Amino acid sequence: MWVFTASLPPPEWVQPVSDLSELITDPKYLQPSPWVHQILKLLDNSGNMEHNLDVYCHKFLIRLPPNFVAFVLHSDQLRGQFDVALRFFYWAANSLIRSFGSLGMVEELLWVWRRMKENGIEPSLYTYNFLMNGLVNLMFVESAEQVFEVMQGGKIGPDVVTYNTMIKGYCKLGKTQKAMQKFREMEVRNVEPDKVSYLTLMQACYSEGDFDSCLSLYQEMVEKELEIPPHAYSLVIGGLCKDGKSVEGYAVFENMMRKSCKANVAIYTALIDSYAKSGNMEEALRIFDRMKSDGFEPDEVTFGVIVNGLCKSGRLEEAMEYFEFCKLNNVAINAVFYSSLIDGLGKAGRVDEAEKLFEEMVEKGCTQDSYCYNVLIDALTKSGKIDEALVLFKRMEDDGCDQTVYTYTILISGLFREHRNEEALKLWDTMINKGITPTAASFRVLSTGLCLSGKVVRACMILDELAPMGVIPENAFEDMINVLCKVGRIEQACKLADGIVDRGREIPGRIRTVLINALRKAGNADLAMKLMHSKIGIGYDRMGSIKRRVKFRSLIDN
DNA sequence: ATAGGGTTAG
C-alpha cells in the first residue's frame, strides 16, 4: 500500500480537471466518448481488470493520455483502493511511457520507468519498445542503443518493432549507413523486416537524394510480396521524377494504379513536373488532364508546375492564362508563380512586363523573395540594364531579402559582360566576406571573366583560395582552357596547361586530352592534330634521359 | 509514426 502512495504521480501532471465530464469532452482526450466511463467501470471489475483493459483498449485502439492516468489515480473511485490503483498503474505504465515518449517529456518518462523498476514491475516487450521509441523521438539514440543491447542480452529479445525503432533513430541522426546495417542484421537474427522497416529506410534514402537505393528497396518489397503502402510509391515515383526519369516514374505509377493503390496530388504533380522538365510539355498537360478526370483537384503547386513548364517552353501566353485562371478560382497565388513568369518574360526579352509583374506582387501582398529578385536582376543584366539591376540588388538588402550566391553570380556575369571587371571582382570579394559560399557555377563565371580580360593567374589564385573553404569546382581548369581556346588565346591556354601540370594539380595525360578537345571545339583542328601526334605534355624532351616533360608551350613555339 | 510535389546563376 505504501509503495503506491509514495510514488503518486507529481501533482503537476494533473491539470485542473475539476470533474470527469470535462475530461471526457476535452478534444485532447478524443471525442466525447464512452471509453472513459468504460475504463472506470473496468477498474471496479477487479477480477480480470488488466486483461479486460487490454482487450478493451486494443479493440478500440485507445491510448491513455498521461493526464487521464494521473486523473484516475487521484480520482475518488480509487481513493482507499490502493491495490486496484497500483494494478492500474502497472497496467498503464506502458501507455504512459508511450505517451511521454511521443510527447518528448523525458523527465516524466524516466519517472515512470524508475517507478516500475522500484516496484518490481518486469518490463514487457512493449514497455521496452515504447521506451526505445520515446528515447529515439527525444534524439537520445545512444541511450536507445544501450536499451537495445540490454534486450539482446536479456530474455526479451528485440522484435521487428525494436529494430524499426533503432533504424528510425539512426536515420534521424543521418546515419543511413548504420541504419542499413541494422536492417541487414535483422535477416541474420531471423527477424523479418516489415513494411515499416522498408519505408523508414526508403524515406532516409530519399531525403539524402539516394534514389537508387530507394528504388532497390522498393523492388525488394515487390519481390517479397510485401504490401506496398502509398507513401512508398510516392518516394519511388518522386525519386525517379527528380532524376529526370519521367517514363520510369510513369511506369511505376501505372503499376500502382493496377494494384488499385490510391494516388495523390503530389504524385501527379511530380510526374507533370518531370515531363515538363524533360521538354515534353504535351505529355505533362495530358497527365494534368488525367489527374482531373481521375478526380483529383490540382492545387497551387500543380498549377505552379504547369505555369513554370509553359514559361520554360516559351508558351508565355498560355502560362499567363493559367495564372489568371488561378487568380479567378481562388488558387493561392504565391511567389513561385511570379518567379516563373518574371523569368519567362525576361528570357523572352519582355523586361518591361517582367518589371510590372514584380511590382504587382507588392499590390497583391505577395512577398518578393530572392527567387523573384534574382530572375528580374538576371533579366535586367541581360538586356543591358545593369545599373537598374544594381539598384535592385541594393533594394534587396534594404528589404531584408537574402542576397544569395545566385544573385552574385548573375551580377558578376553581367558586369564582366559590360567589361566592368573591377566591379565584378569587388562583388566577388563582397560575397566571400559576407560568408556566402561560392559554387562551381559562380567560379565559372568569375574565371571566364578573368580569363577573357587576360588575368589567368588571378583566376588560378582565387581557385586556390576556394579549396580551404571546401569548395572544389568541377572542371575548373577544363572550363578555363576551353574559354581561352575559344577566343584564340592559345598561348595563354598552353601556359595555363603547363602551370597546372607543373604544380601537380592534374595528371598530364588528362590536361592533354582537355587541350586537344578544346582546340577541336574552337575549330583549330590543325593544332589539335599536331598536339595529338606529338609527345607534348606527356613525353620527354630530346635529351631523352632527362626527366622533363615537353611543355605545352612548345606547341606554338614554331 | 510520417511524409511525399513547384521557382533563380553557368
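Remember, it's a predicted structure, so these values are computed and weren't measured experimentally. Here is how names work: the chains are called A, B, and so on, in the same order as the sequence lines, proteins then strands, and each is numbered from 1.
- Side-chain nitrogen and oxygen atoms of A/K277 include at least one within less than 4.0 Å of the OP1 or OP2 phosphate oxygen of B/dT7.
- What separates CG of A/L138 from P of B/dA1 is a distance of 15 Å, to the nearest Å.
- Nearest nucleotide to the side chain of A/K312, out of B/dA3, B/dT8, B/dA1: B/dT8.
- Close to B/dG5, at under 4.0 Å from its OP1 or OP2, lies a side-chain N or O of A/Y206.
- For residues 409-428 of chain A, no pair satisfies ring pair (Phe, Tyr, Trp, His ring centres under 6.0 Å), with sequence neighbours left out.
- Here the P atom of nucleotide B/dT2 and the NZ atom of A/K168 are 7 Å apart, to the nearest Å.
- Contacts classified as ring pair (Phe, Tyr, Trp, His ring centres under 6.0 Å) and involving residues 227-284 of chain A (residues at least two apart or in different chains) are given here: A/Y218-A/Y233, A/Y250-A/F253, A/F253-A/Y268, A/Y268-A/F296.
- Using a 4.0 Å heavy-atom distance criterion, A/K195 is classed as making no nucleic acid contact.
- A/E474 places its CD atom 10 Å from the C1' atom of B/dG10, with the value rounded to the nearest Å.
- Which of B/dT7, B/dG5, B/dA9 sits closest to the side chain of A/A270 comes down to B/dG5.
- Remark: the A/N334 side chain and the B/dG6 base include a donor-acceptor N/O pair separated by less than 3.5 Å.
- When heavy atoms are screened at a 4.0 angstrom cut-off, A/T439 is found touching base atoms of the nucleic acid.
- Residues A/Y206 and A/F211 place their aromatic rings such that the two centres sit under 6.0 Å apart.
- For the pair A/Y408 OH and B/dA9 P, the interatomic distance rounds to 18 Å; values are reported in whole Å.
- The aromatic rings of A/F337 and A/F323 sit tilted relative to each other, their planes meeting at an angle between 30° and 60°.
- One atom, OH of A/Y268, and another, P of B/dG6, lie 17 Å apart when rounded to the nearest Å.
- Here B/dA9 presents its P atom at 12 Å from CZ of A/R417, a figure rounded to the nearest Å.
- Neither OP1 nor OP2 of B/dT8 sits under 4.0 Å from any side-chain N or O of A/K382.
- A/S339 is linked by a side-chain hydrogen bond (donor to acceptor under 3.5 Å, both in side chains) to nothing, counting only residues two or more places apart in sequence or in another chain.
- Counting only distance, with no hydrogens or angles, the side chain of A/T381 and the backbone of A/G414 share no donor-acceptor pair below 3.5 Å.
- When the side-chain hydrogen bond (donor to acceptor under 3.5 Å, both in side chains) test is applied to A/K394, the partners found at least two apart in sequence or on another chain are A/D398.
- Distance CZ (A/F211) to P (B/dA3): 18 Å, rounded to an integer number of Å.
- The base of B/dT7 does not come close enough to the side chain of A/S340 for any donor and acceptor atom to sit less than 3.5 Å apart.
- Protein atom CD1 of A/I272 is 13 Å distant from nucleotide atom P of B/dT7, rounded to whole Å.
- Between A/K242 and B/dG5 there is a side-chain polar atom (N or O) within less than 4.0 angstrom of OP1 or OP2.
- Nucleic acid contact for A/V265: base, since at least one base atom lies under 4.0 Å from a heavy atom of the residue.
- With B/dG6, B/dA9, B/dA1 as the candidates, the nucleotide lying closest to the side chain of A/V305 is B/dG6.
- When the side-chain nitrogen and oxygen atoms of A/K172 are compared with OP1 and OP2 of B/dT2, none of them lie within a distance under 4.0 Å.
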For residues 310-320 of chain A, dump all side-chain donor-acceptor pairs below 3.5 Å to protein atoms at least two apart in sequence or in another chain.
from	atom 1	to	atom 2	distance (Å)
A/K312	NZ	A/N308	OD1	3.0
A/S313	OG	A/G309	O	2.9
A/S313	OG	A/L310	O	3.3
A/R315	NE	A/E318	OE1	3.4
A/R315	NE	A/E318	OE2	2.9
A/R315	NH1	A/E282	OE2	2.9
A/R315	NH2	A/E318	OE1	2.8
A/E317	OE2	A/R350	NH1	3.0
A/E317	OE2	A/R350	NH2	3.2

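- Across residues 279-302 of chain A, A/D299, A/E300, A/V301, A/T302 each have a non-hydrogen atom less than 4.0 Å from an atom of DNA chain B (numbered order).
- Comparing B/dG5, B/dG10, B/dA9 against the side chain of A/A440 picks out B/dG10 as the nearest.
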